[in-house]
Amino acid sequence: MSQTLPLSASAAPEYEGFVGWVLGLIDSLGELGVGLAVLIETFVPPIPSEAILPVAGFLAYEGRMNFWGAWAAATVGVLVGALIWYAIGAAIGRDRTRRLVGRIPLLDHADFDKAEAFFARWGARAVLFGRCVPLVRSFISIPAGIERMRVWSFALYTTLGSAIWNGIWIGLGYAFGPTIKPVLEQWSGLISNIAVGAIALLVLWFIASRIRRRLRDAAGGRDLQPEGD
């Protein structure tokens, strides 16, 4: 039997602009769509799960999504993505995996190095706690695979950490549903315009910072090259 929820799906209101589009998209994709979005974040980290999971929680509050189904799908999505990176790290080793990460658009070797340093400091616990750290959570599986951490321990820590993290963010969306709903009903158009502007600025900042870092690294590499005779 499905969970009893505050609103029926038939009573779901229509929201304007970008807010309405995002809610409608995730609503149409359903719980499996939430899991797929979180899986994609494992390989495209600029898409933050913190922006997806509260939406799922709010839709659960409205009765348009099952809370526990969204939570389970998101947790499975994280586990599948983590196991893929674990297998890649174990199969091709550190150097080639580092080069692979550096070739992913908008990512660079520093992202790999950050996850590697986090794992070196905390060991197996990094797999558990790393699920709460942006970018690190996407790549913490790689050093775990390279170091051949026991796969069952890796899967357990990954599931536990992601289950807690996903539950927090979906729960926030659900818990604040009574507060968010009347605001969106009245101001969804204005909020949509603000959200689009903020997202555009963040994307531009992220791209610009990554391009600037790559240019700086490339210039540093040329400076280190020995001069010809």
Side-chain angles (χ1 to χ4, degrees), residues 1-82 128-138 158-203 206:
M1 180 177 293
S2 61
Q3 180 183 2
T4 302
L5 295 162
L7 297 173
S8 65
S10 61
E14 293 293 332
Y15 300 108
E16 298 178 11
F18 179 74
V19 169
W21 178 80
V22 170
L23 290 171
L25 176 63
I26 297 181
D27 181 26
S28 63
L29 293 175
E31 292 83 357
L32 291 179
V34 173
L36 179 61
V38 174
L39 172 60
I40 292 173
E41 187 218 4
T42 306
F43 301 94
V44 190
I47 302 176
S49 60
E50 292 85 353
I52 299 167
L53 299 178
V55 175
F58 179 71
L59 289 173
Y61 165 77
E62 287 202 317
R64 299 160 67 181
M65 183 171 291
N66 182 277
F67 181 98
W68 296 110
W71 172 78
T75 303
V76 170
V78 171
L79 179 60
V80 171
L128 176 63
F129 302 131
R131 297 296 154 194
C132 306
V133 183
L135 287 179
V136 166
R137 64 168 167 253
S138 297
T158 297
T159 301
L160 180 60
S162 60
I164 294 172
W165 189 245
N166 295 338
I168 289 172
W169 286 99
I170 296 175
L172 285 173
Y174 188 94
F176 282 95
T179 302
I180 296 171
K181 180 178 170 56
V183 175
L184 291 184
E185 287 179 338
Q186 185 171 1
W187 302 103
S188 60
L190 176 61
I191 294 172
S192 293
N193 294 335
I194 295 173
V196 169
I199 292 171
L201 289 175
L202 286 173
V203 169
F206 184 86

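Note that the coordinates shown come from a computational prediction; the quantities given were computed from them, not determined experimentally.
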### Query
For the residue pair Met65 and Ile26, what are the closest heavy atoms and their distance?
CE-O, 3.5 Å
### Query
Looking at Val34 and Ala56, what are the two nearest heavy atoms and their distance?
CG2-CB, 4.0 Å
### Task
Looking only at non-hydrogen atoms, find the nearest pair between Arg131 and Trp165 and report the distance.
O-CD1, 3.6 Å
### Task
Calculate, to the nearest 0.5 Å, the distance between atoms CD1 and CD1 belonging to Ile168 and Ile164 respectively.
7.0 Å
### Message
Does Leu29 form a side-chain contact (heavy atoms from CB on, under 4.5 Å) with Leu36? I'd like the steps, not just the answer.
### Response
CA-CA 9 Å; Leu29 293 175; Leu36 179 61; over 6 Å; no
Do any side-chain atoms of residues 73-82 form donor-acceptor pairs under 3.5 angstrom with protein atoms, and if so which ones, sequence neighbours left out?
unit_1: Thr75; atom_1: OG1; unit_2: Trp71; atom_2: O; d: 2.9
unit_1: Thr75; atom_1: OG1; unit_2: Asn166; atom_2: ND2; d: 3.3

### Query
Which heavy atom of Gly177 sits nearest a heavy atom of Pro182, and at what distance?
O-CD, 4.5 Å
### Message
Under the salt bridge (charged side-chain N to carboxylate O under 4.0 Å, His left out) definition, can you give me all pairs with a residue in residues 22-31, not counting sequence neighbours?
### Response
Asp27-Arg64
